[in-house]
Q: 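First, the structure itself, so that you have it in front of you.
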Amino acid sequence: MRQVSFSMLLASLLAGALAIAGFAPLGFWPLPAVSLAVLFTLLARTTSMRAGFLIGLAWGLGFFVAGVSWVFISLSVYGGMPGWLAALATLLFCAMLALFPAIVGALQAYPKEHESWAVSPTLRLLVVMPLLWGVTEWVRGWFFTGFPWLVAGYSQVPDSPLAGYAPLVGVYGVSTLLALIAALLAWNMTTRAPFVRRAWALVTIVALGVGGQALRGVTWTTPDGAPTTVALLQGNIPQEMKWQPEKTRATLEKYARMAATSPARLIVLPETALPLFESDLPAFYRDGLVSLGRQNRGDILAGLPTGSLKGAYYNSVISFGSAPSQRYHKVHLVPFGEYIPLKAMWGWVVKVLHIPLSDFARGTTGQRPLAIGGQRVAANICYEDAFGEEIIRQLPEASVLVNVSNLAWFGDSFAPWQHAQMSQMRALETGRMMLRATNTGVTAIIDARGRVLASLPLFTTGSLSGEIQGYAGSTPYVRWGNAPVLVLWGGVGVWLLIAGFRRQP
């Protein structure tokens, strides 16, 4: 089929949009597999790269417009961009992301369009498509600094049997397995083979599910040391008020009062909770936080900018309590939100987007865990916990993960829930508890199996208290990161070149 019909494009678009219901907060985890099965079925009917590209593009537009259109809120409501321009920028952003499934659609049709290459329809569906899906999601995770949001594997956390594979192969491995299941479903629905021959596909799907469920019972890490009491503070400071100088004092006082009411050994404040540079923090306020941390025989970990506008400045977290004070500077910055790439070309963006402190310096990659509150804390700030291989840099030394975020930029949307689901994946991959302290939510305590033990409602002021356990040891993912998956992809690719895509005489 060299031509692609409107009905095929519409079906692909709707299937892409449907997949978003498989992610948080709705969490109907089988839907992404069904959605991909529809996409792969449509792609299997194509014989041209152009048709495959268009079908993949339609799926990607449905998926990303439904899933990340909250970007409009940050651009228009809080970034000060005119509504029409913010809508256009959001659509272009989604269209750019949609190019990745479009590339899958185009490349899977290459052997069919070029008759000099031999590949069976079954091999194309069951091997080529899942392989391309996994590879393109991984590329999306680092290309132009990376945007791994809504990688398919996240939808399987924490309830799907496939979540059991996360400590072994990470989110990209889980995505590839999910794509394989979708391909098996698509093949089973489209093949004309007798049921007896088709049964192996269903058996394979069941075996993957049973294997994942069995792996969920494996204990990869062990408790380390005594439990620690924690308090995660959610200040619920409106984004439009956060950086107004006349509101700074009220914000500082609010967090001081909240911290003073908690006896927890480790108290965590959100990203840039203290809206002024460390050098501008009043001495009495700093001394008060130090005194409170010591009173609780622990530490307060607070987010605030460090450095100076006259030189380099960082998005940081600093400990107050035990001496000496410790700190972590954010490494993976958000383009245009936290720094301006290619300033000579894109410097004008700073004038259009009224985002305070939009040109942070990058912290070094060799930073080690913070020894605070009786734990060895692997701190990460906001968007950083979307990158599994960056989180494991501080492991296995770290005993617990802590993420501080400010997602007020995205309003009452899917974004906070989607971000929390990525934190759940990081907990699963590393076998460590994850603490999330956010300005407006989702503030949560996540156990080492990726389950949310407790959380605060969105857009409320509160302190989430609990007891956490540190862990020692390494999961396979901590030891090897994405390397096993990359090797597997490479091996399958070489095999395809040798066996599947041999030249015709």
Side-chain angles (χ1 to χ4, degrees), residues 19 22-23 27-41 43-44 104 108 119-135 137-138 151-220 424-425 428-429 431 449-451 475-477 480 482-496 499-500:
F23 294 81
F28 299 129
W29 53 265
L31 284 181
V34 174
S35 174
L36 285 177
V38 173
L39 172 63
F40 290 167
T41 299
L43 291 177
V104 173
Q108 63 81 34
V119 58
S120 70
T122 298
L123 189 67
R124 179 177 158 213
L125 177 56
L126 297 182
V127 179
V128 176
M129 292 186 197
L131 173 66
L132 289 173
W133 187 265
V135 170
E137 285 205 317
W138 172 72
V151 166
Y154 287 122
S155 66
Q156 304 305 293
V157 173
D159 299 320
S160 164
L162 293 186
Y165 294 100
L168 281 80
V169 294
V171 68
Y172 296 113
V174 175
S175 279
T176 304
L177 291 173
L178 183 68
L180 174 60
I181 288 174
L184 289 167
L185 288 173
W187 182 84
N188 200 62
M189 291 185 295
T190 57
T191 185
R192 296 179 181 178
F195 176 78
V196 174
R197 290 184 58 191
R198 287 187 286 127
W200 72 267
L202 299 177
V203 170
T204 302
I205 292 173
V206 171
L208 287 172
V210 171
Q213 192 65 32
L215 286 169
R216 294 181 69 177
V218 176
T219 301
W220 299 102
Q424 291 176 269
M425 177 60 79
L428 257 176
E429 289 173 341
R449 296 184 182 273
R451 298 170 298 194
T475 64
Y477 185 77
W480 301 309
N482 293 324
V485 176
L486 296 175
V487 170
L488 175 63
W489 289 340
V492 173
V494 170
W495 174 77
L496 286 172

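Bear in mind that the values here come from a model prediction, so they are computed numbers and not experimental data. Hydrogens, waters and symmetry mates play no part in the numbers below; they use all other heavy atoms, side chains included.
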Q: Check whether Y165 reaches the backbone of G212 with its side chain - one donor and one acceptor, N or O, closer than 3.5 Å.
A: yes

Q: With rounding to the nearest 0.5 Å, note down the distance linking OG in S160 to CG in L177.
A: 10.0 Å

Q: Please list, chain by chain and in numerical order, all residues satisfying side-chain hydrogen bond (donor to acceptor under 3.5 Å, both in side chains) with W489, sequence neighbours excluded.
A: T176

Q: Is the shortest side-chain heavy-atom distance between L123 and L496 below 4.5 Å?
A: yes

Q: What residues, two or more places apart in sequence or in another chain, satisfy side-chain hydrogen bond (donor to acceptor under 3.5 Å, both in side chains) together with T219?
A: R449

Q: For a 4.5 angstrom cut-off between non-hydrogen side-chain atoms, does L168 reach W220?
A: yes

Q: Quick check against the 3.5 Å criterion: does T190 have a side-chain atom that pairs as donor or acceptor with the backbone of A186?
A: yes

Q: Nearest 0.5 Å, what's the CZ-CG distance between R216 and L162?
A: 10.0 Å

Q: For T475, which residues count as a side-chain hydrogen bond (donor to acceptor under 3.5 Å, both in side chains) partner, sequence neighbours excluded?
A: none

Q: Sequence neighbours left out, what passes ring pair (Phe, Tyr, Trp, His ring centres under 6.0 Å) with Y154? Give chain and number order.
A: none

Q: Give me the atom names and distance for the closest heavy-atom approach of G22 to P32.
A: CA-CD, 3.7 Å

Q: Can L488 and V492 be said to form a side-chain contact (heavy atoms from CB on, under 4.5 Å), step by step?
A: CA-CA 6 Å; L488 175 63; V492 173; 4.1 Å; yes

Q: How long is the gap from CG on L184 to OG1 on T204, to the nearest 0.5 Å?
A: 5.5 Å

Q: Has Q156 got a side-chain atom pairing as donor or acceptor with W29's backbone, closer than 3.5 angstrom?
A: yes

Q: Under the criterion side-chain contact (heavy atoms from CB on, under 4.5 Å), I'd like the reasoning laid out for W138 against L486: C-alpha separation, chi angles, the key distance, then a yes or no.
A: CA-CA 9 Å; W138 172 72; L486 296 175; 3.6 Å; yes

Q: Could you list the residues that satisfy side-chain hydrogen bond (donor to acceptor under 3.5 Å, both in side chains) with Q424, not counting sequence neighbours?
A: none

Q: Looking only at heavy atoms, which two atoms of W133 and A152 are closest? And how far apart?
A: NE1-CB, 4.0 Å

Q: Output, in order, the C-alpha distance, side-chain angles, deciding distance and verdict of side-chain contact (heavy atoms from CB on, under 4.5 Å) for V34 and F28.
A: CA-CA 11 Å; V34 174; F28 299 129; over 6 Å; no

Q: Search all heavy atoms of G170 against all heavy atoms of E429 and return the closest pair with its distance.
A: CA-OE2, 3.4 Å

Q: Quick one: closest heavy-atom pair of L36 and A182, and the distance?
A: CB-CB, 3.5 Å

Q: Hey, does the side chain of S155 reach the backbone of F23 with a donor-acceptor pair shorter than 3.5 angstrom?
A: no

Q: Once ring pair (Phe, Tyr, Trp, His ring centres under 6.0 Å) is applied, do any residues pair with W187, and if so which ones, sequence neighbours excluded?
A: W200

Q: Looking only at heavy atoms, what is the nearest atom pair of G164 and L215, with distance?
A: O-CB, 3.4 Å

Q: For V104 versus M129, what's the shortest heavy-atom pair and its separation?
A: CG1-O, 4.4 Å

Q: Working to the nearest 0.5 Å, report the span between CG of L126 and CG of L131.
A: 12.5 Å

